[in-house]
Amino acid sequence: MARGGLDQKIFFSVALASAFFAIGFGFISGKIFVTELADWGNDAHEYIATGLELARHHRFHAEDSLFFGPFQKGPGYPLFLAGIFETVGESAVLVWLGHIALWICSLWLLWKISQRFLKGRLSLLPPLFLGFYWGAAVYVIDINSDLLALFLVLLLVYASIKYQEEKKFALILVAAFSLGFLILVKPITLYFTPIYAALLYLGVRHPSTHPSTINSEVGLPNRERNYGSPTPVMRHLLVFLAIVGILAGSWSYYNYKLIGTPQLASGGLTLMRRADDVNMSAERIGAFTLASAFGDYIADKFFPGYAAAPEPYTAFSSAREKNYYRRQLPSKKNELVLQQEQYAEARKLIAAHPVKFVFSSLIYVLRLNNPVNHRSVELIHTFVGTRGSIPEFVKIGFLVSAHLAWLIFVGTVIYMLFRSLKDWRNRGIILFLILYFNGMYALLTHAEARYILPVIPFYFLLLALFLAPFLERKLT
């Protein structure tokens with residue numbers, strides 16, 4: 001059997017096993033038993049309601065409300081749901097089947113991306129790692145936008161790498177629609193557009209002077225490219241920017257006409273919660289840092305009472321949010337006023353303490369990169385007020401061990417990321433995606449671990465690049 005054929009069999013075996021692994025986590029989390037769309041709550045309820053409204057009435061809002069849920073979200077995932085509801089049927093099971101397809105396609109894209117970086121069967125390592133990472137697999141049997149965002153990021157990177165090699169117009173179209181739709185799913189990615197365009201242009205027009213390409217760690221030769229005239233590349237990039245602009249701009253215009261703001265989603269309350277951090281005392285910052293690294297339970301041992309009121313979900317922020325919900329009209333017609341108030345207060349706090357605000361974002365990077373449990377919830381609040389029958393030394397030992405192991409993994413990723421920056425023209429899109437997701441979500445949000453799920457595949461790619469030289473020596 002040809003080597004390529006065997007590699008494909010290995011990959012599809014991994015993909016099939018990872019699909020069953022994800023279904024297994026659906027049983028563990030209990031979500032696989034929630035088959036009725038009406039039984040889903042929180043963000044899922046908002047996505048489902050919008051998707052059903054799109055499928056049934058071809059609009060994003062109900063007759064008596066400007067949007068569903070307490071906050072307006074991007075339209076990308078509801079469009080995905082509406083496509084399923086209208087063409088196949090209105091069922092959570094059908095959504096999960098769509099997620100399984102996204103999951104397998106994501107693993108395939110990661111494999112193809114890895115083949116550009118790793119030699120032979122080592123390219124199977126990243127999809128293997130991702131396929132059996134519980135923190136990603138748990139979103140397959142779920143109704144949430146994060147898995148779709150992961151797929152779109154991988155499709156964007158795959159199309160970009162192929163475009164750098166082949167410069168085909170069709171590939172820039174795939175990249176444009178991938179990023180444009182990603183913005184509709186995760187509006188915070190809008191500002192990555194100029195970064196991406198610059199990196200793609202430099203990667204195509206000015207190859208790295210570094211002696212080897214991104215796969216230098218495993219000794220693959222440079223690929224020859226015909227760079228030619230810059231004119232076709234510029235034309236392609238202009239088309240790319242036009243498509244992204246039309247996709248993002250159409251939703252911005254819709255919001256402006258409906259609500260009175262060109263913003264792609266509600267974000268005032270989220271930014272306000274982050275801005276609150278400038279009021280933290282030095283002691284509180286120390287406790288917050290320790291909790292972000294090892295959990296609230298550990299931090300409470302050094303700062304008694306912290307676990308009862310941990311950051312960033314304090315009694316003060318909760319009271320503000322409850323007041324926000326009380327003032328919000330059922331029709332949401334005062335959304336613009338409420339958002340403007342939150343943004344104004346947040347800007348005032350940030351302007352008064354800009355250094356403290358930026359410094360606190362470093363703590364949130366720790367929170368973003370926290371280990372998660374079988375429900376993909378950070379271990380930060382584990383054991384606080386629960387599991388009283390477990391001895392204290394066992395709890396502390398588990399938390400310290402789990403966090404240290406994950407910090408070693410993240411530290412390896414950071415080491416490989418900075419080592420790779422010297423060849424940023426070849427590696428830039430992947431590396432800057434990691435930096436962008438971590439930076440923007442740490443700076444502007446309360447930093448849940450799921451926010452960086454779309455770039456987690458590249459963590460595993462960098463881990464594989466770190467392991468590749470050791471594995472090669474073992475295999476030869």
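Residue numbers start at 1 and run along the sequence shown.
When all heavy atoms of Ile104 and Phe11 are compared, the closest pair comes out as O-CZ, 4.2 Å. Between Asn255 and Ala265, the shortest heavy-atom distance links the atoms ND2-N, 4.3 Å. Taking all atoms of both residues into account, the shortest heavy-atom contact from Ser160 to Leu200 is O-CD1, 4.0 Å.
One finds the CG atom of Leu435 at 6.5 Å from the CG atom of Leu421 (value rounded to the nearest 0.5 Å). Between Phe20 atom CZ and Ile100 atom CD1 the span is 8.5 Å, to the nearest 0.5 Å. Distance check: Phe21 CZ to Leu16 CG gives 14.0 Å after rounding to the nearest 0.5 Å. Distance check: Leu124 CG to Arg121 CZ gives 8.0 Å after rounding to the nearest 0.5 Å. A distance of 8.5 Å separates CG of Leu182 from CG of Leu148, quoted to the nearest 0.5 Å. Rounded to the nearest 0.5 Å, atoms CG (Leu147) and OG (Ser106) are 5.5 Å apart.
The side-chain tip of Lys301 points at the ring of Tyr297 from less than 6.0 angstrom away and within 45° of straight on. Annotation: cation-pi geometry satisfied between Lys332 and Phe67 (NZ/CZ under 6.0 angstrom from ring centroid, within 45° of ring axis). Taking the ring axis of Tyr364 as reference, the NZ or CZ atom of Arg274 stays within 45° of it and closer than 6.0 Å to the ring centre.
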Criterion ring-ring contact (aromatic ring centres under 6.0 Å, His included) on Phe470 and Phe466, from CA distance to verdict | CA-CA 8 Å; Phe470 306 101; Phe466 176 78; 5.6 Å; yes

Step-by-step salt bridge (charged side-chain N to carboxylate O under 4.0 Å, His left out) determination, Lys395 to Asp296 = CA-CA 12 Å; Lys395 294 178 180 178; Asp296 294 341; over 6 Å; no

After noting the C-alpha distance and the side-chain angles of Glu341 and Arg327, does the key distance pass the salt bridge (charged side-chain N to carboxylate O under 4.0 Å, His left out) rule?
-> CA-CA 12 Å; Glu341 288 177 0; Arg327 293 180 59 203; 2.7 Å; yes

Would you sort out whether Tyr47 and Ser145 count as a side chain to side chain donor-acceptor pair (under 3.5 Å), showing the intermediate values?
-> CA-CA 9 Å; Tyr47 288 132; Ser145 64; 3.3 Å; yes

Criterion ring-ring contact (aromatic ring centres under 6.0 Å, His included) on Trp103 and Tyr133, from CA distance to verdict = CA-CA 12 Å; Trp103 182 237; Tyr133 172 51; 9.1 Å; no

Does the pair Phe60 and Trp251 meet the rule for a ring-ring contact (aromatic ring centres under 6.0 Å, His included), with working shown?
-> CA-CA 11 Å; Phe60 288 98; Trp251 181 247; 4.9 Å; yes

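Between Arg367 and Glu448 there is no salt bridge, since no side-chain N of the basic residue sits under 4.0 Å from a carboxylate O of the acidic one. The pair Lys356-Asp276 fails the salt-bridge criterion, with no side-chain N (NZ, NE, NH1 or NH2) lying under 4.0 Å from an Asp/Glu carboxylate O.
Of the possible donor and acceptor atoms, none in the side chain of Asp39 sits under 3.5 Å from a partner among the backbone N and O of Val34. Although no hydrogens or angles enter the test, the distance criterion places a donor-acceptor pair under 3.5 Å between the side chain of Asn373 and the main chain of Val377. The backbone N or O of Asn370 sits nowhere less than 3.5 Å from a side-chain atom of His403 that would complete a donor-acceptor pair. Here the side chain of Ser252 pairs no donor or acceptor atom with the backbone of Gly249 at under 3.5 angstrom. Side-chain atoms of Asn438 do not come within 3.5 Å of backbone N or O of Val365 as any donor-acceptor pair.
Using a 4.5 Å heavy-atom threshold, the side chains of Asn279 and Leu349 count as touching. Between Phe33 and Phe27 there is a side-chain heavy-atom pair separated by less than 4.5 Å. Side-chain atoms of Tyr441 and Ile188, non-hydrogen and from C-beta on, do get closer than 4.5 Å to each other. By the 4.5 Å heavy-atom criterion applied to side chains, Gln263 and Tyr256 are not counted as neighbours. By the 4.5 Å heavy-atom criterion applied to side chains, Leu130 and Tyr459 are not counted as neighbours. Contact annotation: the side chain of Trp96 approaches that of Thr35 to within less than 4.5 Å [non-hydrogen atoms, C-beta and beyond]. Contact annotation: the side chain of Pro126 never approaches that of Phe117 to less than 4.5 Å [non-hydrogen atoms, C-beta and beyond]. Within the 4.5 Å cutoff, the side chain of Leu462 has no heavy atoms near those of the Thr412 side chain.
If you check the side chains of Tyr77 and Glu46, you find no donor sitting under 3.5 Å from an acceptor. Using modelled atom types, one finds no donor on one side chain facing an acceptor on the other under 3.5 Å when comparing Glu335 with Gln72. A donor-acceptor contact closer than 3.5 angstrom is absent between the side chains of His353 and Asp277.
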